[in-house]
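As C-alpha cells, the structure follows; a few thoughts come after it.
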There are 2 protein chains.
Amino acid sequence: MRTPSDEAELVARARALAGRSLEGLAREHGVTLGSVGRSTKGKTGTLLERVLGATGGSSATWDFPSLGVELKTVPVDLRGVPRESTFVCTISLRDADRAEWATSWARAKLRRVLWVPVLVLPDGSRRVAGALLWSPTAAQDVVLAQDFEDIMGRIGAGEVEGLSGHAGRWLQVRPKAAHGRVRTAAPARDGGLLATVPRGFYLRALFTGALLRDPVALPGRREGESSAG
Amino acid sequence: MRTPSDEAELVARARALAGRSLEGLAREHGVTLGSVGRSTKGKTGTLLERVLGATGGSSATWDFPSLGVELKTVPVDLRGVPRESTFVCTISLRDADRAEWATSWARAKLRRVLWVPVLVLPDGSRRVAGALLWSPTAAQDVVLAQDFEDIMGRIGAGEVEGLSGHAGRWLQVRPKAAHGRVRTAAPARDGGLLATVPRGFYLRALFTGALLRDPVALPGRREGESSAG
DNA sequence: TAGGATCCACTGGTGGATCCGT
DNA sequence: ACGGATCCACCAGTGGATCCTA
C-alpha cells in the first residue's frame with residue numbers, strides 16, 4: 001500500500017478500516033497471523049503497518065517519517081477498555097542523568113500518534129475499531145514530563161534496580177528484553193556502571209483508555225464529568 | 001569435531017590436514033563451498049574452524065578460547081607466497097587516542113596464531129598445506145607496536161581520512177565494511193567526531209609470507225641470509 | 001490486574017576473508 | 001601488486017507488542 005501523503009489521508013484510511021477483521025486484512029495482504037498463543041506477539045502491529053503503508057521500519061524515526069506520526073495498535077475489550085499497556089520506546093539507561101523530556105525520544109514518539117484500537121471479542125476474533133490521531137495536550141505533556149523526569153532522575157542516580165512498574169502516573173518503566181538474560185549498562189550509585197536488564201517506557205492502559213474515550217481529557221478529570229469547562 | 005584440549009593436539013590435527021583438498025573436507029563436514037566466484041569469501045576460514053573444532057564464534061574472544069589461539073587461513077601460491085593480506089580485527093576508531101598496543105585487541109588476537117596455508121593450484125583447486133603455530137618474537141612485537149602506535153596516533157589526531165593502506169610496515173589499515181555506505185564515528189581534527197567508513201587492521205602479505213618461511217625471522221632480515229647469527 | 005517476563009521478524013553490525021580496478 | 005571495495009553467514013539487538021503468574 002502506498003504511503004499516505006498527508007495526515008488527512010492517513011486518518012481517512014485508518015478510519016475506513018473500522019469493522020474489518022484482522023484475519024481478513026491479513027489474508028488480503030498475504031500475511032499469516034497464526035491466530036493462537038504466544039507466538040503472535042507483535043503481528044497485529046506489523047499487519048497494520050503494512051495495511052496503512054508505514055515505512056519507518058527501522059529505529060530512530062516514526063512509522064510515517066514525513067508526517068512525524070507514530071502508529072500504535074491497542075487491544076481493547078467490548079467496552080473499549082485497553083487490555084494491555086502500550087510500549088513507547090527503549091530507555092537509554094546510560095544517559096539517564098543527561099536526559100530531558102523536551103528533547104527525549106519518548107516525547108518525539110508521542111508527539112503525534114495514530115491510535116488504532118483492535119476489538120478483541122469473547123470468541124477470540126479481532127476487529128479494527130475507530131482510529132484516532134492524537135497529540136498530547138499541554139496539560140497532558142506536563143504530566144508525561146513529570147513521569148519522565150521522575151523516572152530518569154532515579155535511573156541517573158543509580159536507582160534503576162529499585163525502580164518498579166509502580167513509578168509514574170501514566171508513563172511507567174518495565175523490563176524490555178527478548179530473553180531474561182540480556183544485560184545493558186546503567187548508572188550505579190557509586191558513579192560507575194552496573195549491568196541490568198534493558199527497560200522501556202510504557203503507557204499505562206488507564207491512560208490510553210482515557211485517551212480513546214476523550215483525547216483532550218485533562219489530567220485528573222474523572223469519568224462522568226462534563227468535558228465542557 | 002571436538003575442541004582440542006591442548007595446543008599439541010590442535011597443532012597435530014592441523015598438520016594432519018596437510019594435502020587434503022578443501023572440497024573433500026567440505027564434503028566430509030556437510031558444507032558447500034560453492035567453489036567459484038566472489039560469493040565464497042570467508043568460506044575457507046569457516047570450514048577450517050569447523051574442521052578443527054573452533055568454538056569462539058562471536059566477538060571478543062579467540063577461535064580456541066581456552067587456548068588463547070586464533071585460527072587464520074591464508075591462500076598461498078605454489079611457492080608458498082600469500083596471495084592476500086590477512087584481516088586481524090576491526091579498529092575502534094573512537095577510542096584511538098587512548099589505545100595502547102600492550103592492551104589492544106589487535107595484540108591479543110596476534111598473541112598466538114595457528115596459520116593454516118591453503119595452496120591454490122593453477123587449476124583453481126585448493127589443498128591444505130603445513131600449519132604453523134606462531135607467536136610474535138620480541139623483535140616482531142616491537143615492529144607491530146610501532147605500526148600500531150603510528151596508525152592509532154594518526155587516527156586519534158583526527159587524520160583517519162588521510163590514512164591509506166600505505167601506512168605501517170607490517171600492520172596496515174584498510175576499509176572494512178560489507179557495503180560502502182556503512183559509517184562509524186572517528187575523531188575529527190577539531191576534537192569532535194566525524195562519520196567515516198569502518199577500518200580494520202590487516203597483516204601485509206609480505207609479513208605473513210616471511211612468517212610461513214621462518215617464524216622467528218628477525219625484522220629487517222633479508223631473504224637469502226642465514227638464520228644463524 | 002498489572003508488573004515482570006517473554007515471543008517473533010527483521011536487520012544492522014561483525015567475523016570470516018577475497019575480489020578487482022588502477 | 002596492492003589499496004580500496006565488497007561478499008556471505010551468523011547473531012545480537014530492536015521494534016512490534018502480548019503472555020502469564022502471584
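Values below: all heavy atoms of this structure, side chains included; hydrogens, waters and symmetry mates excluded. Just so it is clear, the model here is predicted, and its values are computed rather than measured. So that the names make sense, note that chain A is the first sequence line, chain B the second, and so on, each numbered from 1.
Between the CH2 atom of B:W62 and the C1' atom of C:dG15 there is a distance of 16 Å, rounded to whole Å. For B:R204 and C:dA17, the CZ to C1' distance is 18 Å, given to the nearest whole Å. Between the C1' atom of D:dG16 and the CG atom of A:L203 lies a distance of 15 Å, rounded to the nearest Å. Atom CG in A:L22 sits about 17 Å away from atom P in D:dG16, given to the nearest Å. Summarising the geometry, the separation between CH2 on B:W115 and C1' on C:dA17 is reported as 12 Å, rounded to the nearest angstrom. The nearest whole Å value for the distance from the CG atom in A:L33 to the C1' atom in D:dA17 is 13 Å. Between the CD1 atom of B:I91 and the C1' atom of C:dT14 there is a distance of 14 Å, given to the nearest Å. As rounded to whole Å, 12 Å separates atom C1' of C:dA17 from atom CG of B:L48.
With contacts defined as side-chain heavy-atom distances shorter than 4.5 Å, the pair A:R107/A:F148 does not qualify.
Salt bridge status for A:E84 with A:K41: absent, with no side-chain N to carboxylate O gap under 4.0 Å. Taking 4.0 Å as the cut-off between side-chain N and carboxylate O, B:R199 and B:E161 count as a salt-bridged pair.
Note on B:R83: every side-chain N or O is 4.0 Å or more away from OP1 and OP2 of D:dA1. A sub-4.0 Å separation between OP1 or OP2 of D:dC2 and a side-chain N or O of B:Q172 is absent. Contact between the side-chain N/O atoms of A:T73 and the OP1/OP2 oxygens of D:dA17 is found at a separation under 4.0 Å.
For A:A129, the side chain to side chain contact (heavy atoms under 4.5 Å, CB included) partners two or more places apart in sequence, or in a different chain, are A:P117. Remark: A:T86 engages A:K72, A:V74, A:W115, A:L203, A:T208 in a side chain to side chain contact (heavy atoms under 4.5 Å, CB included) (not counting sequence neighbours).
Side-chain contact of A:S85 with A:R204: a donor-acceptor pair under 3.5 Å is absent, judged by distance alone.
The aromatic rings of B:F207 and B:W170 lie parallel to each other, their planes meeting at an angle below 30°, with 60° marking the opposite boundary.
Nearest-nucleotide assignment on DNA chain C puts the 5′-proximal partner with A:L206, out of B:K72 and A:L206.
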Listed pairs, N/O of protein and of nucleotides 4-14 of chain D, under 3.5 Å:
| residue | atom | partner | partner atom | Å |
| --- | --- | --- | --- | --- |
| D:dG4 | OP2 | B:G165 | N | 2.6 |
| D:dG4 | N7 | B:R174 | NE | 2.6 |
| D:dG4 | O6 | B:R174 | NH2 | 2.6 |
| D:dT6 | O2 | B:K41 | NZ | 2.4 |

